[in-house]
Number of protein chains: 2
Amino acid sequence: MIDEKTAVSTRTRILDISRDLFGSQGYGSTSIAQIAEKLGTSKAALYYHFKSKEEILDALLNEPFEAMKDFRDSCTKPGVSAEDILGGLIDAMAGPASCLAAFETDPSVLQEWADRHDLHKEWDKLVSCLAGPRPTQGKIISARAAMAAAKQGTKTALELNDGKLTKNARAEILAAALRTLG
Amino acid sequence: MIDEKTAVSTRTRILDISRDLFGSQGYGSTSIAQIAEKLGTSKAALYYHFKSKEEILDALLNEPFEAMKDFRDSCTKPGVSAEDILGGLIDAMAGPASCLAAFETDPSVLQEWADRHDLHKEWDKLVSCLAGPRPTQGKIISARAAMAAAKQGTKTALELNDGKLTKNARAEILAAALRTLG
DNA sequence: GTCTATAAGGGGATAGAC
DNA sequence: GTCTATCCCCTTATAGAC
């Protein structure tokens, strides 16, 4: 009989360690050997839980990506304001999609995962929600700038507060991002 | 007698090709073999011009980094406005420091180059210029958000206009970034 | 579930001929 | 300046014992 509890918790530990290392060193520059070392086992043991390095990346990003797509869907409904969109973006970046935000600038992740999942297209849909129908170039620029402001603001706030997004900081970020939009 | 003209132009071609590949695939995921292939020579030939892969990265980033530091110095002078800083940032991102902007999100570059050169500290100095003395957390957040808005806005404008920053786009980006700051 | 050992391949870099 | 051939290390991944 398989020890399910151990399997699950080891799997979770692998994901935690990998999230950490991928985030700080990048996906491509992190080796299975490094993960195994932090895990305290051999590389082969790790391959019992994940059949490839890419599968670890998938496991780390699939949930955040689904959360992000759900959010994107909610933004296309009628009566959604810019405040809803940018506020939702902040909350996503601080919570369910934080891993996505941390990894998506890594070229090795872009190559191995983001291209395959059309991440770029998903972000573009959000830009369209903010810029409105038949947007001018100026609208597109300020929409993208506002999203960048929200993302960077959230990242900064999390850094300054041990990974916690305070109500105050959230309000500051949202206000700044809304100003960006104009 | 060494053929200096050929040496120089080959060196330049290597840098152009590397800038391209590093930008699209990331530094760590780009191999010397790939560069040599696009160059149309062997790997060994490439090593005649650069003694290591890291030296190529250095050659690509040193000038942009100096330009960025010069700009940062100019921002600490008295009487410099937020408009000067954000406008200068846009111009730097669109011109002399564009390579820096394109590479600095790559974790493999951060590890091999940015840490060694304290890039993070340099950006922080700019943040301080924008946030003012003894800044509140809100000031820091909006300063960082404004810089992110300027960077992303510039990137977007360049994408939409074949790498050219039009006067109009520059004005739009600057206005958006200034609004972000509040 | 975890181990040791090893396969199979790619990476950066060098030697020495031309 | 460029070539072929090669070295050596590190990487992902697997085989098979325990």
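Reminder, nothing fancy here: chain letters follow the sequence lines and each chain counts from 1.
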Can you give the donor-acceptor pairs under 3.5 Å from side chains of residues 140-148 of chain A to other protein atoms, not counting sequence neighbours?
unit_1: A:Ser142; atom_1: OG; unit_2: A:Gly138; atom_2: O; d: 3.0
unit_1: A:Ser142; atom_1: OG; unit_2: A:Lys139; atom_2: O; d: 3.3
unit_1: A:Arg144; atom_1: NH2; unit_2: A:Asp124; atom_2: OD1; d: 2.7

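- In terms of the side chain to side chain contact (heavy atoms under 4.5 Å, CB included) criterion, residue partners of A:Leu178 (sequence neighbours excluded) are, by chain and number, A:Ala82, A:Glu83, A:Leu86, A:Leu174.
- If you measure from atom OH of A:Tyr47 to atom P of C:dT6, you get 19 Å, rounded to the nearest angstrom.
- Contacts of residues 18-37 of chain B with DNA chain D (heavy atom under 4.0 Å): none.
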Sequence-aligned protein contact record of nucleotides 3-9 of chain D, with B where the base is within under 4.0 Å of a protein heavy atom and S where only the sugar-phosphate is:
BB-----
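- Not a single salt bridge (charged side-chain N to carboxylate O under 4.0 Å, His left out) links A:Asp162 to another residue, sequence neighbours left out.
- For the contact set between residues 50-60 of chain A and DNA chain C, defined by any heavy atom under 4.0 Å, there are no members.
- Shown here are the side chain to side chain donor-acceptor pair (under 3.5 Å) partners of A:Asp70, two or more places apart in sequence or in another chain: there are none.
- Annotation: salt bridge (charged side-chain N to carboxylate O under 4.0 Å, His left out) contacts of A:Lys125 (sequence neighbours excluded): A:Glu122.
- Take B:Lys51 and apply the side chain to side chain donor-acceptor pair (under 3.5 Å) test, not counting sequence neighbours, and it matches B:Glu55.
- When the P atom of C:dA17 is taken as reference, atom OH of B:Tyr48 falls 18 Å away, rounded to whole Å.
- If you take CG on A:Asp106 and OG1 on A:Thr30, they are separated by 8.5 Å, rounding to the nearest 0.5 Å.
- When the side chain to side chain contact (heavy atoms under 4.5 Å, CB included) test is applied to A:Glu63, no partner is found at least two apart in sequence or on another chain.
- Listed by chain and number, the residues in a salt bridge (charged side-chain N to carboxylate O under 4.0 Å, His left out) with B:Asp91 are B:Arg170 (sequence neighbours excluded).
- Legend: residues meeting salt bridge (charged side-chain N to carboxylate O under 4.0 Å, His left out) with A:Lys69, ordered by chain and number and at least two apart, are A:Glu66.
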